[in-house]
Amino acid sequence: MIRHYKITLLSPLFYYTKTESGVASTTPFIGDLSLAYATNFALCKNNDITYQTKSKPNYEEIKNLGFLWTIARPIKVKRTPVYARYTSLISDGMVRRDIIELMGKALFKNYFHVQGIEVGSTFQASFIGNLNLPSKFTLRIGNGRDCLILLEEIENIEKDIWVNYYTITKILGKKMELKEGFAVEPVLAQYIIVKGLTEKDLEETFS
């Protein structure tokens, strides 16, 4: 069963995938793994399958969820301004002399620049599975689950479908033919985006 959703950011999205001109920036997509974990956390409550209680993820457990998401591809995206994110221990609290003295010996700056995706940006994603999702609901994703997204079911997709080659081949153990017309964009080790799929391609891939 395949259902399509429009996703709207209700708060800025940050998850830093690359460095551009000294800025840690967020590539405009929402990961299928992120959506899967967030959906499970909010709607399934399977505490055995959660990234929140582990030092590192075990993506093999995705197979036990019984559902999958495609990559949420951008439809209309705007970036946030560039912000300075402070890492100093006193950036949000009382000034302490001992910490200031330690900072003077530090090898690195106590801040870095970041840029995310702005509120109101929209994406589309497809859901594969038998979980009875609402036609309209919200999830929290991003760094520390600090971004709230609104998902609204739509009848037809607006643009091509993006999938995660890593999920399909490494987690699910399926073979995926990279047809003519597909484009591949490696973003992170666990996010190798394949672009240009139709709904028929999606059905064939997950059949």
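Everything numeric here is computed off the predicted structure, so don't read it as measured data.
The OH atom of Tyr15 lies 8.0 Å from the CD1 atom of Ile141; values are rounded to the nearest 0.5 Å. Interatomic distance, CH2 of Trp69 versus CG of Asp32, reported as 11.0 Å (0.5 Å rounding). From Leu150, atom CG reaches atom CG of Leu10 across 5.5 Å, with rounding to the nearest 0.5 Å. Atoms CG and CD1, on Leu202 and Ile161 in that order, are 4.5 Å from each other to the nearest 0.5 Å. Between the CG atom in Asp146 and the CG atom in Leu13 there is a gap of 8.0 Å [rounded to 0.5 Å]. The OH atom of Tyr191 sits 10.0 Å away from the CD1 atom of Ile30 when rounded to the nearest 0.5 Å.
A donor-acceptor contact shorter than 3.5 Å links the side chain of Thr70 to the backbone of Ser126. No side-chain donor-acceptor contact under 3.5 Å links Thr80 to the backbone of Glu118. Side chain of Ser121 to main chain of Ile117: no donor-acceptor pair is present (N/O by atom type, distance under 3.5 Å, no hydrogens or angles). The closest donor-acceptor contact from the side chain of Gln124 to the backbone of Lys159 lies under 3.5 Å. Not one N or O on the side chain of Arg79 forms a donor-acceptor pair closer than 3.5 Å with the backbone of Pro28.
Residues passing the side-chain hydrogen bond (donor to acceptor under 3.5 Å, both in side chains) test with Lys6, sequence neighbours excluded: none. Taking Thr138 as the reference, nothing meets the side-chain hydrogen bond (donor to acceptor under 3.5 Å, both in side chains) condition, with sequence neighbours excluded. The side-chain contact (heavy atoms from CB on, under 4.5 Å) search around Val82 returns Val23, His113, Gln115, not counting sequence neighbours. Lys78 is linked by a salt bridge (charged side-chain N to carboxylate O under 4.0 Å, His left out) to nothing, counting only residues two or more places apart in sequence or in another chain. The side-chain contact (heavy atoms from CB on, under 4.5 Å) check on Gln190 picks up Leu33, Tyr59, Tyr166, Leu188, with sequence neighbours excluded. Residues satisfying the salt bridge (charged side-chain N to carboxylate O under 4.0 Å, His left out) criterion with Asp160, sequence neighbours excluded, are Arg73. For Lys76, the side-chain contact (heavy atoms from CB on, under 4.5 Å) partners two or more places apart in sequence, or in a different chain, are Thr122. Residues satisfying the salt bridge (charged side-chain N to carboxylate O under 4.0 Å, His left out) test with Glu199, not counting sequence neighbours, are none. Residues satisfying the salt bridge (charged side-chain N to carboxylate O under 4.0 Å, His left out) criterion with Glu158, sequence neighbours excluded, are absent altogether.
Residue pairs satisfying the ring-ring contact (aromatic ring centres under 6.0 Å, His included) criterion with at least one member in residues 132-151, sequence neighbours excluded, are listed as follows: Tyr5-Phe137. Within the structure, ring-ring contact (aromatic ring centres under 6.0 Å, His included) contacts touching residues 139-161 (residues at least two apart or in different chains) do not occur.
At least one side-chain heavy atom of Tyr16 sits less than 4.5 Å from a side-chain heavy atom of Asn143. When side chains are defined from C-beta on, Leu43 counts as touching Pro134, because their heavy atoms get closer than 4.5 Å. Put simply, the side chain of Val163 does not reach to within 4.5 Å of the side chain of Thr205, judged on heavy atoms. Annotation: side chain of Leu68 is in contact with side chain of Ile62 (closest heavy-atom distance under 4.5 Å). Side-chain contact between Val114 and Phe14: present, with at least one pair of heavy atoms (C-beta onward) separated by less than 4.5 Å.
Leu139 and Ala38 get closest at one heavy-atom pair: CD2-O, 3.6 Å. The heavy-atom pair separating Val77 from Pro74 by the smallest distance is CG2-CB, 3.4 Å. In plain terms, the two heavy atoms of Gly116 and Thr26 that are nearest each other are CA-OG1, 3.7 Å. Looking at every heavy atom in both residues, Val187 comes nearest to Phe29 through CG1-CE2, 3.7 Å. Across every non-hydrogen atom of Pro12 and Cys147, the tightest pair is O-CB, 3.4 Å.
Using a cut-off of 4.0 Å between Lys/Arg side-chain N and Asp/Glu carboxylate O, Lys136 and Glu153 are scored as not salt-bridged. Lys195 has a carboxylate O that lies under 4.0 Å from a charged side-chain N of Glu185, or vice versa, which qualifies the two as a salt bridge.
A cation-pi contact, defined as under 6.0 Å to the ring centre and within 45° of the axis, is absent between Arg145 and Tyr37.
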Distance-only donor-acceptor hits, side chain of residues 173-182, under 3.5 Å, sequence neighbours excluded:
from   : atom 1 : to     : atom 2 : distance (Å)
Lys174 : NZ     : Ser207 : O      : 3.2
Lys179 : NZ     : Asp201 : OD1    : 3.1
Lys179 : NZ     : Glu204 : OE1    : 3.0

